[in-house]
Amino acid sequence: MKFKIFSLLLASGLILAACGNDDSDDKKDNKGAEKTEQKTQDDNKDDMDDSNNDKDSNDDQTNDDDSDDQNANKSTTNTVKWDDVKVSPEEAVKEAQNEVKGELKDLSFEKEAGDWSYKVELVDGSNENKVLINADDKSVANVENETEDDDDNDQTFKLSDVAKFGDVLKVAQDKAKGDLKEWSLSEDDGKLVYSIDLKEGNKDTTEFKIDAKSKEILEQEQD
């Protein structure tokens with residue numbers, strides 16, 4: 001009888017030991033699973049951080065590219081190819097003289113209020129008229145009238161007395177690359193002079209002063 005009781009106790013001890021080992025193994029397995037899950041979460045977090053860093057880097061590069069494109073576009077819109085200008089200087093002056101009386105004193109070409117335009121200054125006695133002519137359709141955009149002072153230089157000229165602007169522009173573009181930014185024709189130090197500004201992309205503007213009759217380059221500088 002004592003032997004049976006002893007056998008039962010021994011068997012019970014073995015069963016409890018086995019259960020204890022199983023619980024220990026389960027805890028080890030659970031702890032290992034928790035570590036694995038935590039590592040996976042950490043790896044995913046690192047991947048997300050790397051992805052965000054890559055995105056930020058790409059965004060910075062995109063912003064830089066967009067800024068360069070905007071600057072390039074801005075430079076392009078502030079210059080024009082002379083062949084694309086529809087109205088000639090002769091037509092602009094004729095249209096201005098149809099609008100108001102006067103002899104030509106000064107002629108300029110530039111972008112005004114978003115449109116490429118000629119500004120024609122005409123003198124009629126003591127009256128000076130400034131007429132703005134659209135370079136696309138010859139429409140009169142604006143007319144200003146004022147009275148000249150006695151000490152103002154009122155020397156006038158005809159376009160037929162000077163070299164054509166297209167020929168003078170070629171002289172400038174043989175020396176410097178670039179499209180046209182603006183130009184003017186007026187008296188300077190006793191002679192008629194073309195002032196021409198050329199610009200290529202985002203580079204500095206090249207400024208010329210050219211004798212309106214001989215087409216000799218009087219000055220050339222970068223601004």
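Worth knowing before you read on, the calculation uses all heavy atoms, side chains too, and leaves out hydrogens, waters and symmetry mates. Positions are given from 1, in the same order as the sequence printed here.
Put simply, the side chain of Leu218 reaches to within 4.5 Å of the side chain of Lys191, judged on heavy atoms. The closest side-chain heavy-atom distance from Leu104 to Leu122 is below 4.5 Å. Counting only heavy atoms from C-beta outward, the side chains of Val140 and Val131 approach each other to under 4.5 Å. Counting heavy atoms from C-beta outward, Trp183 and Leu169 have side chains that stay 4.5 Å or more apart. Contact of the Ser186 side chain with the Phe157 side chain is not registered, since no non-hydrogen atoms from C-beta on lie closer than 4.5 Å. Glu207 places none of its side-chain heavy atoms less than 4.5 Å from the side chain of Gln222. Annotation: side chain of Thr206 is not in contact with side chain of Glu221 (no heavy-atom distance under 4.5 Å).
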Exercise for review: Given side chain to side chain contact (heavy atoms under 4.5 Å, CB included), test Leu185 with Val193 step by step and report yes or no.
Suggested key: CA-CA 6 Å; Leu185 171 61; Val193 173; over 6 Å; no
Point to revise | CA sep, side-chain torsions, deciding dist, call: Ile217, Lys175, side chain to side chain contact (heavy atoms under 4.5 Å, CB included) | key: CA-CA 10 Å; Ile217 296 177; Lys175 296 294 183 179; 3.6 Å; yes
Practice item. Starting from the C-alpha separation in whole Å, work towards a yes-or-no answer on side chain to side chain contact (heavy atoms under 4.5 Å, CB included) for Lys105 and Glu128. Key: CA-CA 9 Å; Lys105 175 186 175 181; Glu128 183 175 299; 3.1 Å; yes
Check your understanding: Going through the distances and angles, do Leu180 and Leu198 end up as a side chain to side chain contact (heavy atoms under 4.5 Å, CB included)?
Key -> CA-CA 5 Å; Leu180 186 62; Leu198 301 179; 4.3 Å; yes
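For Asp167, the CG atom counts as densely surrounded, since its 6.0 Å shell holds more than 12 non-hydrogen atoms of other residues, nucleotides or ligands. Heavy-atom neighbours of Asp137 CG from other residues, nucleotides or ligands within 6.0 Å: above the threshold of 12. Atom NZ of Lys111 has more than 12 heavy atoms from other residues, nucleotides or ligands within 6.0 Å.
Atom CD of Glu99 is separated from atom CG of Leu132 by 11.5 Å, given to the nearest 0.5 angstrom. Annotation: the span from Lys119 atom NZ to Phe109 atom CZ amounts to 13.5 Å, rounded to 0.5 Å. Rounded to the nearest 0.5 Å, atoms OG (Ser117) and CD1 (Ile133) are 9.0 Å apart. Lys86 NZ to Asn134 CG: the interatomic distance, rounded to the nearest 0.5 Å, is 9.5 Å. Atoms CG and OG1, on Asn78 and Thr205 in that order, are 9.5 Å from each other to the nearest 0.5 Å. Once rounded to the nearest 0.5 Å, the distance linking CH2 of Trp116 with CD of Glu182 reads 8.0 Å.
Checked for salt-bridge contact, Glu91 and Lys94 miss the test: no charged N lies under 4.0 Å from a carboxylate O. Under a 4.0 Å N-O distance rule, the pair Asp188/Lys209 qualifies as a salt bridge. Remark: Glu90 engages Lys164 in a salt bridge, criterion side-chain N to carboxylate O under 4.0 Å.
For Trp82 and Phe165, the ring centers are positioned less than 6.0 Å apart.
Remark: side-chain polar atoms of Tyr118 are paired, donor with acceptor, to backbone N or O of Val87 under 3.5 angstrom. Formation of a donor-acceptor pair under 3.5 Å by the Asp124 side chain with backbone atoms of Asn127 is not found in this model. When atom types are taken as modelled, the side chain of Glu187 and the backbone of Gly190 share a donor-acceptor pair closer than 3.5 angstrom.
Remark: Asn129 engages Val100, Asn145 in a side-chain contact (heavy atoms from CB on, under 4.5 Å) (not counting sequence neighbours).
Between Ala172 and Phe208, the shortest heavy-atom contact is O-CZ, 3.4 Å. Of all the heavy atoms in Ile210 and Val171, the pair that sits closest is CD1-CG1, 4.4 Å. In plain terms, the two heavy atoms of Ala92 and Val120 that are nearest each other are O-CG2, 4.1 Å. Shortest non-hydrogen contact noted between Val168 and Ala163 is CG2-CB, 3.9 Å. Of all non-hydrogen atoms in Gln173 and Gly178, the two that sit nearest each other are NE2-O, 3.0 Å. In this structure, Lys138 and Glu95 approach most closely via the heavy-atom pair O-CG, 3.3 Å.
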